[in-house]
Amino acid sequence: MRAWRSPITQATESLLHAQQVGEILTGLEGHPSLRIAPIEESHRHSVQDILQESLNHEKRALALYKNLLDVVTDASIYLEEFARSMIGQEEMHNLEIKKMLRDFS
């Protein structure tokens, strides 16, 4: 597994994902929202609390990509592969955070 990713690295990756999805949407003649989805905030700042918030965020992203895969299956090979790629990345992130949570428990 990869080492811990800094918040800047995570934010950069999230921005890249948003740009990729935006390119796909505009290619399908859609219009991506410019709104930023709310992020869970417990207002607790221990390492364990922050990791749990991160895990919850990654689980939500994973669920959304799985939903995307369900929607596009048999409709577009490109979108299926994109969704599968994102699911793989989010599953890895989930595993990394779970491992860190075990280390801090």
Side-chain angles (χ1 to χ4, degrees):
M1 285 190 197
R2 293 182 305 190
W4 176 79
R5 296 175 308 135
S6 74
I8 292 172
T9 301
Q10 292 175 1
T12 301
E13 184 176 274
S14 293
L15 180 58
L16 175 62
H17 292 175
Q19 289 170 331
Q20 288 173 319
V21 170
E23 290 296 324
I24 291 169
L25 283 173
T26 56
L28 295 171
E29 299 179 8
H31 181 71
S33 171
L34 298 178
R35 292 181 304 130
I36 297 174
I39 295 177
E40 176 186 328
E41 168 63 54
S42 69
H43 301 286
R44 294 188 303 262
H45 300 97
S46 72
V47 171
Q48 191 163 359
D49 290 328
I50 292 168
L51 287 172
Q52 187 60 55
E53 288 175 7
S54 294
L55 180 59
N56 294 343
H57 178 75
E58 295 292 345
K59 284 180 177 180
R60 183 168 184 271
L62 178 59
L64 289 170
Y65 286 123
K66 285 182 176 182
N67 185 44
L68 172 64
L69 181 59
D70 289 342
V71 170
V72 301
T73 296
D74 296 327
S76 167
I77 297 296
Y78 174 74
L79 292 176
E80 281 184 46
E81 292 304 315
F82 173 78
R84 288 179 198 284
S85 170
M86 300 309 289
I87 288 168
Q89 289 181 43
E90 296 302 335
E91 286 178 342
M92 182 58 71
H93 297 164
N94 275 267
L95 293 172
E96 291 169 347
I97 294 171
K98 286 178 183 177
K99 183 177 182 285
M100 286 187 276
L101 274 166
R102 281 193 310 271
D103 292 345
F104 283 99
S105 294

Joint hydrophobic cluster, L62 plus M92, side-chain heavy atoms closer than 4.5 Å: no

Flag, side chain of T26 to backbone of G22, donor-acceptor distance under 3.5 Å: yes

Any side-chain heavy-atom pair of E58 and E91 under 4.5 Å: no

Interatomic distance, I97 atom CD1 to H57 atom NE2 [nearest 0.5 angstrom]: 8.5 Å

Steps toward side-chain contact (heavy atoms from CB on, under 4.5 Å) verdict (Y65, R60): CA-CA 9 Å; Y65 286 123; R60 183 168 184 271; over 6 Å; no

Separation of L68 CG from I87 CD1 (nearest 0.5 Å): 7.5 Å

Spacing of CG belonging to L69 relative to OG belonging to S85, to within rounding of 0.5 Å: 11.5 Å

Value rounded to 0.5 Å, distance of CG in L101 from CD in Q48: 6.0 Å

Gap separating the OG atom of S54 from the NZ atom of K59, nearest 0.5 angstrom: 12.0 Å

Working for side-chain contact (heavy atoms from CB on, under 4.5 Å), residues L28 and L79: CA-CA 11 Å; L28 295 171; L79 292 176; 4.0 Å; yes

Residues N94 and E90: side-chain donor-acceptor under 3.5 angstrom: no

hydrophobic_cluster_shared for L64 and V71, side chain cutoff 4.5 Å: no

Gap between atom CZ of R102 and atom NZ of K99 - 0.5 Å precision: 7.5 Å

Residue pair T12, L16: steps toward the side-chain contact (heavy atoms from CB on, under 4.5 Å) verdict: CA-CA 6 Å; T12 301; L16 175 62; 5.8 Å; no

Salt bridge (Lys or Arg N to Asp or Glu O under 4.0 Å) involving R84 - partner list, sequence neighbours excluded: E80

With sequence neighbours excluded, residues passing salt bridge (Lys or Arg N to Asp or Glu O under 4.0 Å) with E23: none

Cluster overlap L95 with M86, hydrophobic side-chain contacts below 4.5 Å: no

For H43 against E53, the heavy-atom pair lying closest together: N-OE2, 4.0 Å

V72 and Y78: CA distance, side-chain angles, deciding distance, side-chain contact (heavy atoms from CB on, under 4.5 Å) verdict: CA-CA 9 Å; V72 301; Y78 174 74; over 6 Å; no

